[in-house]
Amino acid sequence: MHMYPHNVWYVAALAREISATPLARRILGERLVLFRTASGNPVALADRCPHRQLPLSRGRVLGEHIQCGYHGAQFDAAGRCRLVPGQSEIPDHAAVRSCPVRERHGFIWIWMGDADLAAAADPAPICSFLDRGNWGTLDAYIHIACNYELINDNLADITHTEFVHPTTLGNESMRAARGELAPESSSIPRFEANLVDGGMNFRLSLTGTRPAPSFENAYRRVRGLKAGLALDFQLEFSFRAPAFWLFSPTAMKSGTPAAEGVSTSGLILITPEDRTSSHYFHKICQSYAPEVEAETRYWLDETCRAFDEDKVVLEAQQRNLECDAGDASAPVSFRGDWMGFQVRKLVRAMLAAESGQPRLLESGAAR
Ligand code: FES
Ligand SMILES: [Fe+2]
């Protein structure tokens with residue numbers, strides 16, 4: 001079975017990362033060069049000149065071409081060699097792989113699988129909410145040295161937030177995701193999870209509680225909150241295989257509608273770099289004060305702090321998994337892991353659906 005699904009649009013880069021300066025990035029184990037031509041089009045080519053294998057990312061963009069930094073051969077956006085300095089004929093096989101790319105919602109999306117299937121697939125269904133309403137958005141990129149499925153486990157399990165993010169996104173109220181009352185909670189937690197085509201939707205509702213610090217502080221600042229007053233808290237998230245997440249938390253005064261609360265939406269879009277490392281793209285979106293950049297910046301800062309805390313945990317986990325590769329002992333499971341199991345099943349189903357395409361097979365196994 002493949003290590004990661006190929007026939008899906010992944011995020012290759014934040015749109016603002018791509019310019020006339022070539023960017024080297026590995027995606028699904030393949031070395032690519034990403035750049036923007038003079039006409040503004042993003043391009044993704046194999047990062048290896050077919051002449052003497054210098055990475056094309058060591059070259060420079062000239063108009064609609066990229067020029068190799070060794071002997072000056074030029075390649076167009078389709079990967080065809082268009083010019084060899086000092087000779088008029090161009091060898092037939094002088095070409096590099098070109099991957100389909102699209103620019104949408106502030107991301108550069110890339111298709112690493114069967115190119116014939118790319119046109120019919122939607123690059124960013126999980127981002128479609130951005131087409132409706134007015135949003136203030138900011139984005140960021142983190143490199144995390146762990147397998148992408150460890151990140152899925154992390155995002156599917158909000159019970160870790162109490163321990164990893166106690167100053168931002170977590171507190172004991174998140175124990176409700178295990179169906180357990182938090183010590184200070186005054187209500188029965190309600191949660192529901194529904195499998196949908198290619199993913200899962202989840203919703204957690206708490207009444208009369210103390211949301212985690214980032215949410216409580218935001219509500220206090222934006223709507224005003226008397227000390228000690230309880231809030232209602234609602235968390236919705238959507239997962240779409242293989243590794244796309246949309247989180248929408250809302251803090252509101254107890255008994256009032258969510259529209260009167262403070263709500264954000266956070267996209268987390270993971271692209272495997274290889275078996276043991278991942279690209280983590282995230283975008284924070286808020287519509288309660290879309291024109292106030294300080295509000296959007298607040299959420300970006302809070303989430304960046306929290307995700308850096310996740311990075312420390314995830315990379316330490318991966319290192320342990322690597323050095324215990326021969327240890328056959330089965331990991332212990334807790335009740336909070338059940339959503340992670342559902343997510344792994346959805347990814348397995350996607351991988352199984354692709355397993356009939358041997359030319360995409362890679363060696364090794366996902367952890
Ligand atoms: S290595 Fe690229 S032109 Fe020679
Ligand atoms: Fe986390």
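Order of appearance sets the numbers: ligands from 1, and atoms from 1 within every ligand. This one's a predicted model, so the numbers in the text were calculated from it and none came from an experiment. Values below: every heavy atom of this structure, side chains too, minus hydrogens, waters and symmetry copies.
Between W135 and F129, the angle of the ring planes goes over 60°, which puts this pair in the perpendicular group of the 30/60° scheme.
At least one side-chain heavy atom of W109 sits less than 4.5 Å from a side-chain heavy atom of V11.
A salt bridge does not link E260 with K253: none of the charged nitrogens is closer than 4.0 Å to a carboxylate oxygen. Taking the charged nitrogens against the carboxylate oxygens, E17 and R25 do have a contact shorter than 4.0 Å, which makes a salt bridge.
If you number the atoms of ligand 1 from 1 as listed, the ones under 4.0 Å from a heavy atom of A73 come out as 3 (S). Near C68, with a cut-off below 4.0 Å to any heavy atom, the atoms of ligand 1 are 1 (S), 2 (Fe), 3 (S).
For T296 and Q286, the side-chain atoms include at least one donor-acceptor pair closer than 3.5 Å.
H71 lies apart from atom 2 (Fe) of ligand 1 in this respect, since none of its N, O or S atoms is found at a distance under 2.8 Å. At a threshold of 2.8 Å, the Fe ion (ligand 2) has no backbone or side-chain N, O or S atom of E309 nearer than that distance. Residue C49: an N/O/S atom is found under 2.8 Å from atom 2 (Fe) of ligand 1.
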> Are D337 and R344 close enough, and set up right, to give a salt bridge (charged side-chain N to carboxylate O under 4.0 Å, His left out), and what steps lead you there?
Replying inline: CA-CA 11 Å; D337 301 327; R344 282 188 177 250; over 6 Å; no

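Of all N, O or S atoms in H51, the one lying closest to atom 4 (Fe) of ligand 1 is ND1.
Scanning the protein for heavy atoms near atom 1 (S) of ligand 1, the closest one is R52 N, 3.3 Å.
With the Fe ion (ligand 2) as the vertex, atom NE2 of H165 and atom NE2 of H160 span an angle of 100° (nearest 10 degrees).
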